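Worth saying up front: this structure is predicted, and the values here are computed from it rather than measured. Lettering of chains follows the sequences in order, A, B, ..., and the numbering in each one begins at 1. These numbers come from the heavy atoms of this one structure, side chains and all, not from hydrogens, waters or symmetry mates.
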Amino acid sequence: MALPAGTVVVAYNAAISRCARAGLYARALALFREMRGRGLRADEYTLPPLLNSAAQLRGPPEAVAALHALLLRAGLAPHLHVANALVDAYARLPHAGAAAARAVFDEMPRRDVVTWTSLLTGLARAGAHGAAVRAYHGMVASGVQPDEFAVPAALSSCAASTALDLGRSVHAAAVRLGLRPFRSVENSLVSMYAKTGALRDARAVFDAMPARCTITWTALIVGYAQNGRGRQSLEVYADMVRSGCRPDYVTFIGLLFACSHAGLVDAGRAHFRSMVPVYGIAPGPDHYACMVDLLGRAGRLDEAMDLLNRSSTELDATVWKSLLGACRVHQNAELAERAAEMVWRLDPADAVPYVMLSNLYSRARRWGDVARIRALMKARGVTKEPGCSWVGVNGITHLFHVEDRDHPRAAEIYRKVEEMTERIRVEGYVPDTDWALQDEVPEWRQRGLAYHSERLAVAFGLLAVPAA
DNA sequence: CTAGGGTTAG
């Protein structure tokens, strides 16, 4: 006796959904292939977990595009759940993902809070935090009410772009909408205030919370650390443990980062060593990178190398870049070359090792090596996009590159930089020209530092913001 | 049986 096809489809849908939820993405997609092999058609319940699996599998982007084509053929696009899952799936793909998500989003006749949140997080993932905040406002303008998912997503982008004023307005809206009691909203407020430097506000939200979770404590620990208050981070961590809240993988990243910035080598070592025996958390590459940074700043390169040699996890490029940074500071060319080699093995297109090595050799006045590294970089076709700095004044972001004269007030800005440079010179500042990149003529080197993008941004900030 | 979020150094 054969079961009705509809019953079998429901059974497949349930199985695919369970696999997707459990993170068994390949299994979910395999079930779909099996389903089609039996001549069964996917419906509006099949597609969302499938799209999710295809996106999270980190496989070829064509997998999502293929499902997109399939759902169009099957006439499933009008289902809001399906279209939302499609926007989210595209938004999770690296590179052109956010643009593809936007294209699907633009075509949708009806959008709800999930659609908008999917677009918003996709933009945030692509680093387009300004566009993400604009998407939040677009949602509000179109009459869709933000909820306890949309508000944290928006606040996260406010935090990432250090847009404190925008963050405050989202905070006010969240209160109006009655979303304050949600833990997710409170957590994102703590993080947003801490990241934008409003530590008192972060603490006020934190203190007013009736209950806190690991994310709450972690947000505050990271917040203090990022504002140069490493010791306060450690105090918060102690309170966290006392309160009975268990730290997780992310908490330890924040904690070790705090130790690193505060130069608390012993505390950092002790916390790192407590991870496995006390909390059963195996240190990942992220923790090793923090430890290398911590030990490297203290000049303990051998100990850092030792730690890496004894590590049991797979180390990634960030770990070796941390070591490279420490080698640059402490002028250890031999170890730096080995670390650079490791980075290249993991990511041949990464420009960081070239810049680091070039800096290191130029400080050591080893011009031959500087030239060799530069030539190597050129031969391998690796390019480094120039760094930039920005400053927000009255809601407008002013962006600067090295020796940038594009700004309408460039003349004034340069005069301000001269004035600043003169004032710090009087205070005893000596420019460290050895750090500048080396394919420039020596007399340019000092200028590259003098009109560094950060100096231009600071100078403009001083000009544009009236003294308090 | 279906879709989105909040904590992650350099």
Worksheet item: Is A/Arg18 touching bases, backbone alone, or none of the nucleic acid, heavy atoms closer than 4.0 Å?
Response: nothing
Item to complete: Check the distance between B/dA3's C1' and A/Phe105's CZ and give it to me in whole angstrom.
Response: 14 Å
Worksheet item: Using the benzene-type ring in the case of Trp, are the ring centres of A/Phe206 and A/Trp217 under 6.0 Å apart?
Response: yes
Output a table of donor-acceptor pairs, distance under 3.5 Å, between side-chain atoms of residues 145-154 of chain A and any protein atom two or more places apart or on a different chain; print 'none' if there are none.
| unit_1 | atom_1 | unit_2 | atom_2 | d |
| --- | --- | --- | --- | --- |
| A/Asp147 | OD1 | A/Phe149 | N | 3.0 |
| A/Asp147 | OD1 | A/Ala150 | N | 3.0 |

Practice prompt. Give a yes or no on whether a donor-acceptor pair under 3.5 Å exists between the nucleobase atoms of B/dA9, that is its base, and the side chain of A/Asp286.
Written response: yes
Practice prompt. Using a heavy-atom cut-off of under 4.0 Å over every strand shown, decide if A/His261 touches base, sugar-phosphate, or nothing.
Written response: sugar-phosphate
Worksheet item: Is A/Tyr45 touching bases, backbone alone, or none of the nucleic acid, heavy atoms closer than 4.0 Å?
Response: base
Fill in: Touch class at under 4.0 angstrom, heavy-atom based, for A/Ser322 against every strand present
nothing
Worksheet entry | Mutual orientation of the aromatic rings belonging to A/Phe105 and A/Trp116 [parallel < 30°, tilted 30-60°, perpendicular > 60°] | perpendicular
Worksheet entry | Phosphate OP1/OP2 of B/dA3: any A/Thr117 side-chain N/O under 4.0 Å | no
Discussion item. Taking atom types as they are modelled, would you say the side chain of A/Thr121 forms a donor-acceptor pair with the base of B/dG4 within the 3.5 Å cutoff?
Written reply: no
Worksheet item: Distance under 6.0 Å and angle within 45° of the ring axis: does A/Arg246 meet both against A/Tyr279?
Response: no
Practice prompt. Taking ring pair (Phe, Tyr, Trp, His ring centres under 6.0 Å) as the test, write out the residues that go with A/His261, two or more places apart.
Written response: A/Phe257
Worksheet item: Looking across every strand, which nucleic acid part, if any, lies under 4.0 Å from A/Glu148 by heavy atom: base, sugar-phosphate, or nothing?
Response: base
Worksheet item: So does A/Ser118 reach the base of B/dG4 with its side chain, donor to acceptor, closer than 3.5 Å?
Response: no
Worksheet item: Base, sugar-phosphate, or nothing for A/Arg212, non-hydrogen atoms under 4.0 angstrom?
Response: nothing
Item to complete: Give the nucleotide from the list B/dT7, B/dC1, B/dA9 with an atom nearest to the side chain of A/Ala14.
Response: B/dC1
Practice prompt. Measure the distance from CZ on A/Arg41 to P on B/dC1 and round it to the nearest whole Å.
Written response: 23 Å
Item to complete: Indicate, with a heavy-atom threshold strictly under 4.0 Å, whether A/Asp112 touches base, sugar-phosphate, or nothing.
Response: base
Worksheet item: Base, sugar-phosphate alone, or nothing: which one does A/Val9 contact when heavy atoms must sit under 4.0 Å apart?
Response: nothing
Discussion item. When you measure from the side-chain N and O atoms of A/Lys195 to the phosphate of B/dG6, is any distance below 4.0 Å, counting only OP1 and OP2?
Written reply: no
